[in-house]
Novice: 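The following block contains the structure, expressed as structure tokens.
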There are 2 protein chains.
Amino acid sequence: MVTIKQVAELAGVSFKTVARVVNKEPGVKAYNVEKVEDAIAKLGYRPNKAASLVRKKQSDVIGFISDEISTTPASVAILKGAQDMAWEQGKTLMVFNLDPKRPNKDKLYEECLQHRSEGIIYGAMYHQSVEFSELFKTLPTVLVNCVSTHNDFTSIVPDDELAGYYVTKQLLYKGYRRIAFLNLNPEIMAAQQRQQGFLKAMQEYGIPEKQWRIDTIEQVVEGRTVNIAGEVAKQVIQEFKPDAVLCGKDLAAIKVYLVLERLGLTIGKDIGVASFDNWHDIPEILEPQLSTMALPYYEMGRMAVAQILSLITNNNKAEQPTHYKVPCLLFDRKSF
Amino acid sequence: MVTIKQVAELAGVSFKTVARVVNKEPGVKAYNVEKVEDAIAKLGYRPNKAASLVRKKQSDVIGFISDEISTTPASVAILKGAQDMAWEQGKTLMVFNLDPKRPNKDKLYEECLQHRSEGIIYGAMYHQSVEFSELFKTLPTVLVNCVSTHNDFTSIVPDDELAGYYVTKQLLYKGYRRIAFLNLNPEIMAAQQRQQGFLKAMQEYGIPEKQWRIDTIEQVVEGRTVNIAGEVAKQVIQEFKPDAVLCGKDLAAIKVYLVLERLGLTIGKDIGVASFDNWHDIPEILEPQLSTMALPYYEMGRMAVAQILSLITNNNKAEQPTHYKVPCLLFDRKSF
DNA sequence: CTTAAGAATGACAACGTTGTAAAAATAAAT
DNA sequence: ATTTATTTTTACAACGTTGTCATTCTTAAG
């Protein structure tokens with residue numbers, strides 16, 4: 001690899017002058033700038049970020065640790081948002097995935113430390129509560145889509161309660177009065193909070209208990225989450241005969257659509273369907289198109305980097321960690 | 001940040017001895033090892049990878065550049081595979097996404113060069129042909145899910161022709177004789193090659209032209225790809241009345257399922273459905289479960305890193321680039 | 001033409017490591 | 001006990017940058 005000194009030699013100036021040109025520092029004669037730039041182009045010189053870091057003690061790298069996140073399509077958007085923001089701010093993201101078999105967060109954190117990351121973002125697949133060791137206090141650290149069990153980190157999560165409340169209210173507002181909520185695994189915070197929002201809306205409208213029903217579409221068997229949306233949907237719809245179904249995720253809504261098609265019910269007329277996620281093409285591929293609460297993952301990713309940067313500039317001073325709840329947006333289509 | 005010298009001072013040895021302990025070099029007295037390890041623990045020392053790189057000229061970093069890949073769920077698995085393999089081999093992946101608005105591959109390549117990446121993986125969203133500048137010849141470079149327009153890079157792609165051939169043969173073998181192929185955008189290599197495989201199988205079985213039909217479920221309007229699976233599926237099924245439908249992707253299969261449910265046809269009995277992708281939970285959430293050709297993205301990601309490592313150790317010597325076609329696996333479920 | 005001030009350039013230390021070679025300590029052989 | 005061989009430790013240069021400060025070159029003023 002060609003170094004700054006080789007460039008200097010070819011350009012016939014001192015290597016410090018080359019450094020000035022490379023870093024766009026002022027005070028270099030135009031003819032020298034030209035000579036240097038020619039030499040750089042000719043030799044194909046690229047500054048060595050590592051050497052620069054050693055001297056400057058500034059890596060411009062932010063670590064991104066995720067629990068499986070980058071394989072789950074729903075929350076890939078977090079990564080994308082973080083990456084876009086990081087790039088805009090002249091930072092580079094270093095991405096690590098937890099090994100699902102031996103999930104060792106600390107090991108990855110160590111890796112980030114060795115690369116002299118300036119901060120760490122930890123992203124989770126589902127909105128949940130996660131335990132962190134003291135090690136995570138080393139650098140400015142922000143949690144996305146999860147909170148710490150001791151609430152001792154700045155976190156960015158979707159406002160699932162508000163989302164549950166809002167979509168339920170919309171259902172009620174449009175006149176639906178017998179609603180089945182096919183919720184996610186209740187161990188997940190998202191499920192709990194949405195349920196609270198759901199209940200709050202029910203209460204405000206004074207809907208009696210017999211007119212709604214909550215079931216879970218995920219079962220945890222030996223640590224693995226099993227999707228039972230199919231059977232549950234069929235059973236709930238046939239037994240309870242709701243006039244609207246609220247699904248915990250778009251994938252479950254597919255299942256509901258299929259059941260309803262088979263029963264000959266017209267979605268959006270005979271029965272309403274709503275959901276959470278707004279996952280890629282799914283809501284638009286369904287017919288009628290699915291109305292769903294979009295989870296603001298992309299925005300959350302951006303916010304995470306923004307928060308990290310703010311922590312860095314404030315020198316991570318131990319003020320109270322902040323907990324951000326990002327509102328979700330209803331994509332109002334045709335299914336209710 | 002604490003340095004090796006501070007550790008040496010506390011341990012009462014020279015900093016070179018500390019370096020030996022850190023790098024597990026032999027020839028340090030046991031009592032010194034202990035003193036050093038104590039000091040390291042007490043001070044929380046972590047080796048500075050950047051400083052190490054400057055001296056050793058070995059970054060252990062592999063660059064991963066993708067065109068939108070990490071936002072498209074189908075191929076996120078590539079990234080995961082690459083990351084797993086990299087981690088196993090003691091390498092770190094540095095991930096960059098192309099900005100879809102201003103897709104400047106070279107800029108990201110430059111970034112990797114500045115970090116002294118040892119090699120670059122370029123991953124594409126769809127199996128396609130991509131043009132690369134000379135810059136990409138700088139480091140050992142491997143393409144995943146795409147090939148270069150001049151075939152001048154080692155590439156790893158799914159064997160889409162074989163996949164198309166195989167799944168079609170399976171359909172024919174099971175007795176289906178009137179098959180509609182709802183193919184992806186024909187500009188994409190995946191679509192072209194699957195079509196070749198499809199036709200080859202048709203020919204081998206001597207199926208006359210009138211008994212099959214190929215339509216496209218994606219339209220390119222002003223650079224944007226628009227999904228028209230819905231209308232096409234409905235139209236083809238009603239007009240052509242196939243006894244089997246082969247879908248270009250699982251998402252399109254959802255659409256086909258919905259159409260068939262409405263028409264009262266029983267999938268797997270009245271009509272067969274097959275697809276490509278094996279995308280997350282979708283094939284299993286459908287009923288009957290969808291038989292689909294799984295694209296070997298995870299494996300391709302792993303292979304990419306393996307190839308990079310082999311190129312690195314062979315010093316990237318300009319032998320002919322190799323083109324790997326990875327076979328796809330049929331997940332044989334219940335839909336045909 | 002001389003001088004002073006300011007602009008441009010250069011010399012060199014420093015960053016935290018690794019690599020090399022020399023020095024010191026220990027063990028083995030005489 | 002002395003010498004030799006071996007193991008362990010240390011001193012110091014090197015890596016490619018950036019930061020500091022001294023030096024040289026320009027330009028303008030006297």
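Within every chain, numbering begins at 1; the chains are lettered A, B, ... in the order of the sequence lines, protein sequences first and strands thereafter.
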Novice: Nearest-Å distance, CG (B:Asp60) to C1' (C:dT18)?
Specialist: 14 Å
Novice: For B:Gln58 and C:dG16, give me the distance from atom CD to atom P, rounded to whole Å.
Specialist: 22 Å
Novice: Among C:dT17, D:dT17, C:dA11, which nucleotide sits nearest the side chain of A:Ser14?
Specialist: C:dA11
Novice: Whole Å only: how far is the CG atom of B:Leu43 from the C1' atom of C:dG16?
Specialist: 15 Å
Novice: So if I take every side-chain heavy atom of B:Val28 and compare against D:dT17, D:dT9, C:dT17, which nucleotide ends up nearest?
Specialist: D:dT9
Novice: Atom CG of A:Asn48 and atom C1' of D:dT17: how far apart are they, to the nearest Å?
Specialist: 7 Å
Novice: Would you tabulate the nitrogen or oxygen pairs shorter than 3.5 Å linking the protein to nucleotides 19-25 of chain D?
Specialist:
| from | atom 1 | to | atom 2 | distance (Å) |
| --- | --- | --- | --- | --- |
| D:dG19 | N7 | A:Lys16 | NZ | 2.7 |

Novice: I need the single residue from B:Met300, B:His127, B:Gln307, B:Met303 that forms a side-chain contact (heavy atoms from CB on, under 4.5 Å) with B:Val144. Which is it?
Specialist: B:Met300
Novice: Here's a test of your reading of the structure: between B:Asn23 and A:Gly12, which maps to the more 5' nucleotide of DNA chain C?
Specialist: A:Gly12
Novice: Would you say the ring centers of A:Tyr122 and A:Phe132 fall short of 6.0 Å from each other?
Specialist: yes
Novice: Roughly, in whole Å, what's the span from CD1 in A:Ile4 to P in C:dC15?
Specialist: 19 Å
Novice: Between B:Ser133 and B:Tyr109, do the side chains contain an N or O donor and an N or O acceptor separated by less than 3.5 Å?
Specialist: no
Novice: For a quick test of reading the model: is some side-chain N or O of A:Ser52 closer than 4.0 Å to OP1 or OP2 of D:dG16?
Specialist: no
Novice: Determine the interplanar angle of the A:Phe96 and A:His115 rings, folded into 0 to 90°, and report it as parallel if under 30°, tilted if 30 to 60°, perpendicular if over 60°.
Specialist: tilted
Novice: When the distance from CG of B:Leu53 to P of C:dG19 is rounded to whole Å, what number comes out?
Specialist: 12 Å
Novice: Mind calculating the distance between CZ (A:Arg116) and C1' (C:dT17) to the nearest angstrom?
Specialist: 10 Å
Novice: What is the distance, to the nearest angstrom, from the CD atom on B:Glu34 to the C1' atom on D:dT8?
Specialist: 17 Å
Novice: DNA chain D: B:Pro26 or A:Gln6, which has the more 5' nearest nucleotide?
Specialist: B:Pro26
Novice: Is B:Thr141 reaching over with its side chain to a backbone N or O of B:Phe136, donor-acceptor style, under 3.5 angstrom?
Specialist: yes
Novice: Counting side-chain heavy atoms from C-beta on, which of C:dT18, D:dG16, D:dT10 comes nearest to B:Lys57?
Specialist: D:dG16
Novice: Let's go through B:Phe64 and A:Val95 carefully: what are the C-alpha distance in whole Å and the side-chain angles of both, what is the deciding distance for side chain to side chain contact (heavy atoms under 4.5 Å, CB included) to 0.1 Å, and is it a yes or a no?
Specialist: CA-CA 10 Å; B:Phe64 189 105; A:Val95 185; over 6 Å; no
Novice: By nearest heavy atom, map A:Lys5 and A:Lys29 onto DNA chain D; which one lands nearer the 5' end?
Specialist: A:Lys5
Novice: Would you check, one step at a time, whether the test side chain to side chain contact (heavy atoms under 4.5 Å, CB included) holds for A:Ile65 with A:Glu111?
Specialist: CA-CA 10 Å; A:Ile65 302 176; A:Glu111 186 76 14; over 6 Å; no
